[in-house]
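All heavy atoms count here, side chains included; hydrogens, waters and symmetry mates do not. From a predicted model like this one, the values you see are computed outputs, not experimental measurements. Chain A is the first sequence line, chain B the second, and so forth, proteins listed ahead of strands; every chain is numbered from 1.
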Number of protein chains: 2
Amino acid sequence: MTRPHLRAARTRSIGEVINLLKPEFPEITVSKIRFLESRGLIEPQRSASGYRIFTEDDVRRIEYILREQRDHYLPLKVIKSKLVAWEHGEESPVPPESGPPPEAYFASSGVSLTPRELMRSSGLSAEQLDALVDQGVLEPFELPDGSAVFRDDDLVIAKAAHRLLTRGLEVRHLRTIRLAADRQTDLLGQLAAPLLRHRNPDNRRKAAEILADCAEAATQLEEALVRGRLRRLLERQ
Amino acid sequence: MTRPHLRAARTRSIGEVINLLKPEFPEITVSKIRFLESRGLIEPQRSASGYRIFTEDDVRRIEYILREQRDHYLPLKVIKSKLVAWEHGEESPVPPESGPPPEAYFASSGVSLTPRELMRSSGLSAEQLDALVDQGVLEPFELPDGSAVFRDDDLVIAKAAHRLLTRGLEVRHLRTIRLAADRQTDLLGQLAAPLLRHRNPDNRRKAAEILADCAEAATQLEEALVRGRLRRLLERQ
DNA sequence: CCGACCCTCAACCGAAGGTTGAGACTTCTG
DNA sequence: CAGAAGTCTCAACCTTCGGTTGAGGGTCGG
């Protein structure tokens, strides 16, 4: 069941792998690779004399591991379990893995920021901020005294917006994203609507759970779709 | 600049905080809270006699910390830096923080799965899988020998789809999400188009970088928007 | 006044993630 | 064909992280 190939795939010794990885991961060492094997994250073939032999796939796997460590701070245990789950699909009737409890999804750190603070933290200019509020991308909270306050979600939004704006997108493009978010919210909202109609706390909690889980899944779905499409875009030369 | 309040906000002693947190975090201890303070993640007020006094905000902050640990395995250092960045906005002209290098975003673990394996790993039924392929949500790779193969992104998609389907969404809803992803891809694609036209490796790399960064930012933006809207949906009773 | 609660500070702890070095074999290189 | 460079295993060791434990002592509520 291996992929057909005409020329034997290129393989590498441990030292060659290190050199390959060095540019992206300067910290990598021979002993670390061996350590990863000892922990069961990789399983390179061996030559007759006992030398490790790495295929392209092995190298990709190592890169993946190192990136998860570097970019998401994941413990090796967790990375391993992802890799394993991957590999030969978990056994038997799979319960759809549901994410963290709703509290986590809807958690807020409780900070609140003035427009001024938001600008400083995000890097947005006053005009940009105004435009974003105007387009409904940012929605400040009105306090009784008339001043506006932003929450932690808004900071995430503002930072992301700043990033996109400096890359050349315009506020109207961000409005498009906002519309997509609205549609997504509607979709999910419908799902929870029946539960929210009769307002008892038990149903409310249940609704929160469903919404959190589905919102997360929907985000993952969309992100993976976009990533896949972009990858293809880059691949076809 | 504090929020106006009529009745003094409720405060709590360390033991009371523990009791409050126990349900969601059974592992919590007094010493752990003190430890978090020693690491500078929280800074409760003190009474005249030196007792720690926790406000609602402090409690929320602790909950946030504990959730980041539990759900995203983040090291305390990283959580702290997020909290600090938050708080009083990083100083001075903010360079838009850009994410990890493009390799990370477009990274693939290099696994490939047969339809059968994908079903087992995701929990999708054969009909569901067919329907998803039909709607363009999943796009298998055709091998020369005619068999179909899925990549790691597809596994993420399949799992998320399964999660949503068991929650009551239908394939046509997922198609909606796919369309949103298409639009998003177009939007980003335009941004990189000029660079991709003249095909030299330097431009290509640059395009990858921009795409990865913007895709990430766009996802964050949309997610934060959806989260905010859902939160409001739940809040208004 | 007593029992429950809280404080600090220093010492200690286990797990995670590697590193180091000794001793021995294998593989390139001139 | 020698020797330098690369690789192997295995056990000991190391640092950082994320706390725990305990001694010694003050504080609060009934």
Side-chain angles (χ1 to χ4, degrees), chain A residues 10-22 25-55 58-59 61-84, chain B residues 10-22 25-55 58-59 61-84:
Chain A
R10 168 94 202 262
T11 66
R12 296 182 164 83
S13 74
I14 198 165
E16 291 169 323
V17 171
I18 295 298
N19 290 328
L20 219 54
L21 262 27
K22 216 73 181 214
F25 308 95
E27 311 276 63
I28 193 68
T29 62
V30 173
S31 75
K32 175 156 185 176
I33 302 268
R34 296 206 262 243
F35 174 73
L36 290 178
E37 185 188 29
S38 80
R39 284 286 195 273
L41 300 224
I42 53 176
E43 223 170 336
Q45 295 291 105
R46 296 301 184 111
S47 74
S49 55
Y51 279 29
R52 290 173 182 78
I53 299 176
F54 298 82
T55 65
D58 289 325
V59 176
R61 192 170 167 120
I62 296 172
E63 286 174 330
Y64 176 78
I65 294 166
L66 297 177
R67 288 192 191 111
E68 286 289 18
Q69 276 201 296
R70 182 191 60 192
D71 301 327
H72 302 299
Y73 310 96
L74 291 189
L76 293 182
K77 269 188 191 174
V78 174
I79 300 176
K80 178 175 178 185
S81 72
K82 285 177 93 165
L83 250 12
V84 169
Chain B
R10 167 95 203 261
T11 65
R12 295 184 166 80
S13 73
I14 197 166
E16 292 170 322
V17 171
I18 294 298
N19 290 328
L20 220 53
L21 262 28
K22 217 75 182 214
F25 307 95
E27 311 276 62
I28 192 69
T29 63
V30 173
S31 75
K32 176 156 183 176
I33 303 268
R34 296 205 263 245
F35 175 73
L36 291 178
E37 185 186 31
S38 80
R39 283 288 197 272
L41 298 228
I42 53 177
E43 222 170 335
Q45 295 291 104
R46 295 303 183 112
S47 72
S49 55
Y51 280 26
R52 289 174 182 80
I53 299 177
F54 298 83
T55 64
D58 288 324
V59 175
R61 193 169 166 121
I62 297 172
E63 287 174 331
Y64 176 80
I65 295 166
L66 297 178
R67 287 198 267 259
E68 287 288 15
Q69 276 200 296
R70 182 191 58 192
D71 301 326
H72 302 299
Y73 311 95
L74 291 189
L76 291 182
K77 268 189 191 171
V78 174
I79 299 176
K80 177 175 179 184
S81 72
K82 285 177 93 167
L83 250 11
V84 169

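Contact between Phe25(B) and Glu63(B) at its shortest, heavy atoms only, is CZ-O, 4.0 Å. Here the closest heavy-atom approach between residue Arg46(B) and residue Arg52(B) is recorded as NH2-NH2, 3.3 Å. Ile65(A) and Ile79(A) make their closest contact through O-CD1, 3.7 Å (heavy atoms, listed as atom of the first residue, atom of the second, distance). Between Ile53(A) and Pro44(A) the shortest heavy-atom distance is O-CB, 3.5 Å.
Phosphate proximity of dC8(D) to Arg34(A): present, with a side-chain N or O under 4.0 Å from OP1 or OP2. Regarding contacts with the backbone of dC28(D), a side-chain N or O of Ser49(B) is found under 4.0 angstrom from either OP1 or OP2. In this model, the phosphate group of dA16(C) is approached by a side-chain N or O of Lys77(A) to a distance below 4.0 Å at OP1 or OP2. Remark: Ser31(A) is in phosphate contact with dT19(C), judged by side-chain N or O atoms under 4.0 Å from OP1 or OP2. Remark: Gln69(A) is in phosphate contact with dG18(C), judged by side-chain N or O atoms under 4.0 Å from OP1 or OP2. Between dT27(D) and Ser47(B), no contact under 4.0 Å exists linking OP1 or OP2 to a side-chain N or O. When the side-chain nitrogen and oxygen atoms of Thr29(B) are compared with OP1 and OP2 of dT20(D), one or more of them lie within a distance under 4.0 Å. Residue Arg52(A) has a polar side-chain atom (N or O) positioned under 4.0 Å from OP1 or OP2 of dC8(D).
For CD of Gln45(A), the number of neighbouring non-hydrogen atoms (other residues, nucleotides, ligands) closer than 6.0 Å is 12 at most. In the displayed structure, Gln69(A) atom CD is contacted under 6.0 Å by more than 12 heavy atoms of other residues, nucleotides or ligands.
Here dA16(C) presents its C1' atom at 14 Å from CG of Leu76(B), a figure rounded to the nearest Å. Taking atom CD of residue Glu37(B) and atom P of nucleotide dC6(C), one finds them 14 Å apart after rounding to whole Å. Distance, Glu68(B) CD to dG18(D) P: 13 Å, rounded to whole Å. Rounding to whole angstrom units, OH of residue Tyr73(B) and P of dA15(C) are separated by 18 Å. Atom-to-atom, CZ of Arg39(B) to C1' of dT16(D) comes out at 9 Å; the value is rounded to the nearest Å. Look at CD1 on Ile53(B): it is 14 Å from P on dT27(D), rounded to the nearest Å. A straight line from CD1 of Ile18(B) to C1' of dT20(D) spans 14 Å, rounded to a whole angstrom. Rounded to whole angstrom, the span from the CG atom of Leu41(B) across to the P atom of dC17(D) amounts to 12 Å.
Within the model, atoms CG of Leu21(A) and CZ of Phe54(A) stand 10.0 Å from one another, a figure rounded to the nearest 0.5 Å.
Using a distance-only test at 3.5 Å, with no hydrogens or angles considered, a donor-acceptor pair links the side chain of Arg61(A) to the main chain of Leu41(A).
A donor N or O paired with an acceptor N or O is not found under 3.5 Å between the base of dC28(D) and the side-chain atoms of Tyr51(B).
Comparing Ile14(B) and Glu27(A), the nucleotide of DNA chain C nearest to each residue sits closer to the 5' end for Ile14(B).
Annotation: the terminal axes of the helix from dC1(C)-dG30(D) to dG30(C)-dC1(D) meet at 20°, where each axis is the rotation carrying the C1' atoms of four end pairs onto the next four (5 pairs per end, rounded to 10°).
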